[in-house]
Trainee: 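The following block contains the structure, expressed as structure tokens.
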There are 2 protein chains.
Amino acid sequence: MLPAAILAAQTSKPLHWDLVAPGVWRCQIGAADRTSLTKTAEAKPKTDRLKAMPSSEIPFELQATRGWASSSYASIQLPLTPAEKVFGLGMQMSGANRRGQIFHLQVDHYEAGHDRLHVPTPLYISDRGYAVLFNTIRPVNVYVGVGNRLDDPKTPKFRDRNTDPNWDAQPDSSAVEASVQASGMEVLVFAGPTPMDALCRYNLYSGGGAMPPLWALGFWHRMKSLSTADEVKEEVRGFEQRKIPLDVIGLEPGWQSRSYPGTMEWSPERFPDPKAFVAGLKKQGVRVNLWENPYVAPGSNLFQALTPRFGSHTVWLGAAPDIADPKAAEIIRKFHHDNHVALGVSGYKIDEVDGFDVWLWPDHAQFPSGLDGLPMRQIYGMLWQRELDRMYHQENRRTFGFVRGSNGGASRFPFALYSDTYDHHQYLTALTTSPLAGVLWCAEIRSANSSEEWVRRMQSAVLSPIAQLNAWDSGKKPWSYPDVLETVREAMELRQTLVPYLYTAFAQYSMKGIPPIRPMCLVDGGLETDQYMLGDNLLVAPVASGEKTRKVRLPSGDWYDYKTGKHVGSHETVVVAPKLDEIPMYVRGGSAIPTYKPKLHVADFALQETYRLRCYGQGPWHGTIYDDDRETFFFEKGAYILAKVTVAGSEATAEKIEGNWPVLPGRMSVEKM
Amino acid sequence: MLPAAILAAQTSKPLHWDLVAPGVWRCQIGAADRTSLTKTAEAKPKTDRLKAMPSSEIPFELQATRGWASSSYASIQLPLTPAEKVFGLGMQMSGANRRGQIFHLQVDHYEAGHDRLHVPTPLYISDRGYAVLFNTIRPVNVYVGVGNRLDDPKTPKFRDRNTDPNWDAQPDSSAVEASVQASGMEVLVFAGPTPMDALCRYNLYSGGGAMPPLWALGFWHRMKSLSTADEVKEEVRGFEQRKIPLDVIGLEPGWQSRSYPGTMEWSPERFPDPKAFVAGLKKQGVRVNLWENPYVAPGSNLFQALTPRFGSHTVWLGAAPDIADPKAAEIIRKFHHDNHVALGVSGYKIDEVDGFDVWLWPDHAQFPSGLDGLPMRQIYGMLWQRELDRMYHQENRRTFGFVRGSNGGASRFPFALYSDTYDHHQYLTALTTSPLAGVLWCAEIRSANSSEEWVRRMQSAVLSPIAQLNAWDSGKKPWSYPDVLETVREAMELRQTLVPYLYTAFAQYSMKGIPPIRPMCLVDGGLETDQYMLGDNLLVAPVASGEKTRKVRLPSGDWYDYKTGKHVGSHETVVVAPKLDEIPMYVRGGSAIPTYKPKLHVADFALQETYRLRCYGQGPWHGTIYDDDRETFFFEKGAYILAKVTVAGSEATAEKIEGNWPVLPGRMSVEKM
């Protein structure tokens, strides 16, 4: 036992925890900071949804936890049991279990990893069924089962390295410690009972997952950067002629009159009549998405309007708007509304809000609203999402887009993450770890070294939250590899087929906090990062380019091949050797998967479109369908339907679970597989 | 021009600079921090030496510099001219010019690099002939020609990436900006006139370079960790029998009764009579150096004595002494004195004061003296050096040892740096960049995959500040590769031969701040990191293992092969193909290099030992010789001689430059090469 003097010097009082929402406890260490992640995100907890969850306790004594606040740091210690696994801590690109590692979580572009991430959400989820959010806009240091306090009775006994072969260079610890260099930190703990429940509580506390418009679930194609309006129209004709699905055209920097730094105004040379251009595409069932990064060209109209609401330092010699300033945010919204949204622009791709250090402002940069450069960088991508979301909300039009940096509390923002990494395995890992950071990742395609790679990447993309070909640099088109055009079209049609299933999965994200992509660690504790559940009933195990075979771990229950309906196994690991036109995708026995007959544009799907219920294994078959007007926010007022679908024999029936719409707008047909 | 509102918001007042020593200016941004690097090092500027330097101004207007202090950051902006090069910023392991890069300088073990370094001294040296020290114990962010302020009239005009092929992803900036997350920061600027002069001023302001005892310049051999006293004696006999030089035996963790965490007490099994052991070796001309890391085994005598003066967190489950607490420091000094130094132990190797994160305490750890974990980690290695140096000073016995972490202001501490990296090119880079961080690096040998590698590493080691074989893990001995034993012995004898030349070079470090290893960037602006000047007149270009040829850039003047005396070139780059027993080492024409006839122990060199002056090129030849009693600190009171040596014809004469000793204790003989 240690002398009392050490104990007195180093022991803090137990922390005080408040229940702030059903199954959500809050604790403040030290003094309150100027803002937090959830405050920045303007999170409005879905309290009724939280209340409806199974009640649960935290599996340790909250009141026994300890915290410290020194002149420079606020820190907390939370317990770990010996075998406990810890998931999350940002949109990581490798591995699942974070135990035994240290993280200094900071927003950055791709190169550094581990500590510096596009989305460094300081949230961890324990396999014992709870989650913890360090709710601060500062970089957080997290020590996951690393480090033992001298005064802690649980600190293990030391060994003699000279003589003891069991000496360990990194002794285990029975705690997570976390700290920020700030006056204080808020900590939130989310109950389960299961790890997935804990994540759902986090998402619901953040306002629920984003609900996209239906068209966002179709196929996206980004043009080469300097494309003109005529070239876009010609490319769209190319899709039509080849009968290839297309829903969104993304324009890259060249749409602006100047960029890097940008004017955020249409180039008069390349887009002489933007209003007609956007309207023309819309008529063809194609939306327009605009690339932007936030750095404003001096002398431009937006620069004039925003002056002096800029950070102290330039980015690519442009000015960085202080979007944390409400007046600046209002100017930005109005500018985007008047110049783009009023013309019909459907959304944005917000680039370079993350890093690198050499691109962005220094840590000590100052923004007039009072934030320093480092915390501003932690939330800059989130602030842009917040304001663009607010703008579309004011229009009562849903949007969906892309952003390259985000953080905790951002679940409700309709943006998918992307990056400049391009390793196929990293892509799949990001796909499965992104929901643990409260975001979604787009495994987009850009180019390929072979037809085989092109197909495999396309197959991964169409089973991502957003399916996108990003040809800004390569100029590639879906038909760029003619020998595999049929296979590529098949993958793209699969995407269109699954739209009603995906829409329902997104609705579950919005209503229940369950992400459409579900990592195995939350499904059943598996540590695989290269397979995942897509919605309730599809298990997806994409084949990375270059691979001929792969392992698939089938959870409990019976699993059937999506395409053939054949039984593939039950609670076992199988090795599959998919041909190039085959995607390892398996359906839970007893499921009815709602699908549509594919069309070229999601916009062509009528509200009364017939649901084709694909039924696998033994009946009766069950499924879930969500629908609403697909475009507005009236669903938030109850204008939607969530229904349970049952197929018995060849008869399909729908039973309303909730919502103010009549039972299912569309008819149902049954396809037994 | 920007609106006045931006200028008002973002412009700070010019900074106030004070002349604090000849050619040294100081500026305080924000509030004073609790301590600084030079305060921690207890630097006593050698004012007289600084005064004796050529007077010089800073080549920009100090009073026009700007600084900022926000609630969280203190920062400064200093100018750069377009072609200016910047050297230093820690003991880096690659490259020379730091311009266009960003550094977040923090103490760490080897893996991360760039930002995290064994010695992250926040000192840069401009090729325009001045140096800047960010004199803070916090991690420093340094933006070297990266980032432009919006309000800066020197910020370049932006380009349009859409259309301008000269668009640059990283626009140059005409400034260095640096910041700390703290209430304030002290900045010191050192005048030249040359870049080397600027480094000398930094070293002299830090108290001058460390002056080793003469024996430290001989050959060091570290034993395998669990060696017993008898095994050490046998190994020493092995050196004697093979006529291989040996001056210091290093004992690794196994000398302690327990280690990791350690007792810092002798193992009664392996070292039953440490006093006799140390004395016995001393009689044979061999000193003993003890490995330690600072982490104390609970229950040990030192633990009892230090309680409760420990940090909050364990390291390898041992307690981390709060050595910043004067009482703890006194206990540590007394313990080391009584248990080791009183027995004749010559010095220490202080391990693991640097990292990794998973080994050391967390950033938010607390030390009773008031320091948080992160700043404590920045200076922990320096504090251990300071206290051990103080202890030996109190004994009036010089020491020399090793340490794995250090920082700015530490020039005067008698410790060389080392690490666990082992890449031969990195070794050579560390050798040449370490002086830019105010420290010296030991390119020790540990093992080799071939006899060739063994020889090449040995040749690099003997031309390092300290020449060491570190066999703690491999158990290797100089004769482990019998086929190259003669070549190895030749390299080791070269080392003994050069002892008087090296001693003089170290004296110049102590008296004038000129490091014994001189990077080319300070010699003549060269960017090579694989060749260097050793003292005034030797150019060394070690051959890395596996290489058959290499380039050597010869500065202006005539250069002669050290061994053969042959002329090799003048102000040109030559390609050499050294045989295995050849080291590319060249002597400036007109030099007289003071050497000794090699002996097995430096202790065997008498004070009256004859200097053999090796003369190269055309006469008359000149050289410098320093000497003193080689063991004590009486030289600090004037008991030394610094003499200019001239050889004309076959006659050598010595003329005293300074010191209270009679002109040269030893005779001189002349060897014309």
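All heavy atoms count here, side chains included; hydrogens, waters and symmetry mates do not. First the proteins, then the strands, lettered A, B, ... as listed; each starts at 1.
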Trainee: Using a 4.5 angstrom heavy-atom cutoff, name the option from B/S257, B/P253, B/G147 with the most pairs to chain A.
Mentor: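 With the most close heavy-atom pairs to chain A, the winner is B/P253.
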Trainee: If you tally heavy-atom pairs under 4.5 Å against chain B, which of A/P298, A/P171, A/S72, A/A297 wins?
Mentor: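 Between A/P298, A/P171, A/S72, A/A297, the count favours A/P298.
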Trainee: Would you mind checking which part of B/W316 comes under 4.5 Å of any heavy atom in chain A, side chain (CB onward), backbone (N, CA, C, O), both or neither?
Mentor: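 The answer is both parts of B/W316.
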Trainee: Which pair of non-hydrogen atoms, one from A/L150 and one from B/G311, has the smallest distance, and what is that distance?
Mentor: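 Smallest interatomic distance, heavy atoms only, reads CD2-O, 3.8 Å.
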Trainee: Sort out for me which of A/Q101, A/H104, A/R159 touches chain B most, counting heavy-atom pairs under 4.5 Å.
Mentor: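 Greatest number of close heavy-atom pairs with chain B: A/H104.
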Trainee: For A/V146, which atoms come within 4.5 Å of any heavy atom of chain B: side chain, backbone, both, or neither?
Mentor: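 A/V146 touches chain B through side-chain heavy atoms alone.
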Trainee: Does any backbone or side-chain atom of B/D357 lie under 4.5 Å from a heavy atom of chain A? Answer side chain, backbone, both or neither.
Mentor: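 The answer is both parts of B/D357.
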Trainee: Under the side-chain contact (heavy atoms from CB on, under 4.5 Å) test, which residues partner B/T35, sequence neighbours left out?
Mentor: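 For B/T35 the side-chain contact (heavy atoms from CB on, under 4.5 Å) partners, ignoring immediate neighbours, are B/K39, B/T40, B/I137.
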Trainee: Given a strict heavy-atom distance threshold of 4.5 Å, which part of A/A169 is in contact with chain B: side chain, backbone, both, or neither?
Mentor: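 It is both, since atoms from each part get that close.
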Trainee: Applying side-chain contact (heavy atoms from CB on, under 4.5 Å), name anything that partners A/K327, two or more places apart in sequence or on another chain.
Mentor: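 Per chain and number, A/K327 pairs via side-chain contact (heavy atoms from CB on, under 4.5 Å) with A/R309, A/D325, A/E330, A/I331.
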Trainee: Decide yes or no for B/Q366 and A/W68: does some side-chain heavy atom of the first lie under 4.5 Å from some side-chain heavy atom of the second?
Mentor: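 Contact flag for B/Q366/A/W68 side chains = yes.
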Trainee: Which heavy atom of B/G100 sits nearest a heavy atom of A/V358, and at what distance?
Mentor: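 The pair with the smallest heavy-atom distance is O-CG1, 4.3 Å.
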Trainee: Which heavy-atom pair separates A/D363 from B/Y143 by the least distance, and what is that distance?
Mentor: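 Closest approach of A/D363 to B/Y143: N-OH, 2.8 Å.
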Trainee: With chain A, which of B/Q170, B/R161, B/E177 has the greatest number of heavy-atom pairs at distances under 4.5 Å?
Mentor: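 The option with the most such pairs is B/R161.
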Trainee: Which atoms form the tightest heavy-atom contact between B/D372 and A/S71, and what is the distance?
Mentor: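 Closest approach of B/D372 to A/S71: OD2-OG, 4.4 Å.
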Trainee: Under 4.5 Å heavy-atom distance to chain B, tell me which part of A/N141 shows up: side chain, backbone, both or neither.
Mentor: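 Contact with chain B: side chain only.
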Trainee: Counting heavy-atom pairs closer than 4.5 Å to chain B, which one of A/P261, A/A319, A/A178 comes out on top?
Mentor: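 So the answer, after comparing A/P261, A/A319, A/A178, is A/P261.
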Trainee: Counting N and O atoms only, with roles assigned by atom type, does the side chain of B/N162 sit under 3.5 Å from a partner on the main chain of A/Q256, one being a donor and the other an acceptor?
Mentor: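 Yes.
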Trainee: Select one option (side chain, backbone, both, neither) describing which atoms of A/D168 are under 4.5 Å from chain B's heavy atoms.
Mentor: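 It is the backbone, since no side chain atom gets that close.
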Trainee: Non-hydrogen atoms of chain B under 4.5 Å away: do they reach the side chain of A/N148, the backbone, both or neither?
Mentor: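 Looking at A/N148, backbone and side chain both touch chain B.
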Trainee: Can you tell me how the ring of B/Y260 sits relative to the ring of A/W167, calling it parallel under 30°, perpendicular over 60° and tilted otherwise?
Mentor: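 Taking A/W167 first and then B/Y260, their aromatic rings stand perpendicular (interplane angle over 60°).
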Trainee: Given a strict heavy-atom distance threshold of 4.5 Å, which part of A/S259 is in contact with chain B: side chain, backbone, both, or neither?
Mentor: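 Backbone plus side chain of A/S259, per the 4.5 Å heavy-atom cut-off to chain B.
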Trainee: In terms of heavy-atom proximity below 4.5 Å to chain B, should A/R138 be classed as side chain, backbone, both, or neither?
Mentor: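 Only the side chain of A/R138 comes within 4.5 Å of chain B.
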Trainee: Nearest heavy-atom pair of A/L317 and B/K157: which atoms, and what distance?
Mentor: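 Answer, listing the atom of A/L317 first, then B/K157: CD1-O, 3.6 Å.
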Trainee: Measuring heavy-atom distances to chain A, does B/T314 have an atom under 4.5 Å in its side chain, in its backbone, in both, or in neither?
Mentor: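 Interface part for B/T314: both.
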Trainee: Side chain from CB out, backbone as N, CA, C, O: work out which of these in A/R270 comes under 4.5 Å of a heavy atom of chain B, or both, or neither.
Mentor: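 The side chain, not the backbone.
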Trainee: If we define contacts as heavy-atom pairs under 4.5 Å, which of A/G254, A/P362, A/S70 has the most with chain B?
Mentor: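 So the answer, after comparing A/G254, A/P362, A/S70, is A/P362.
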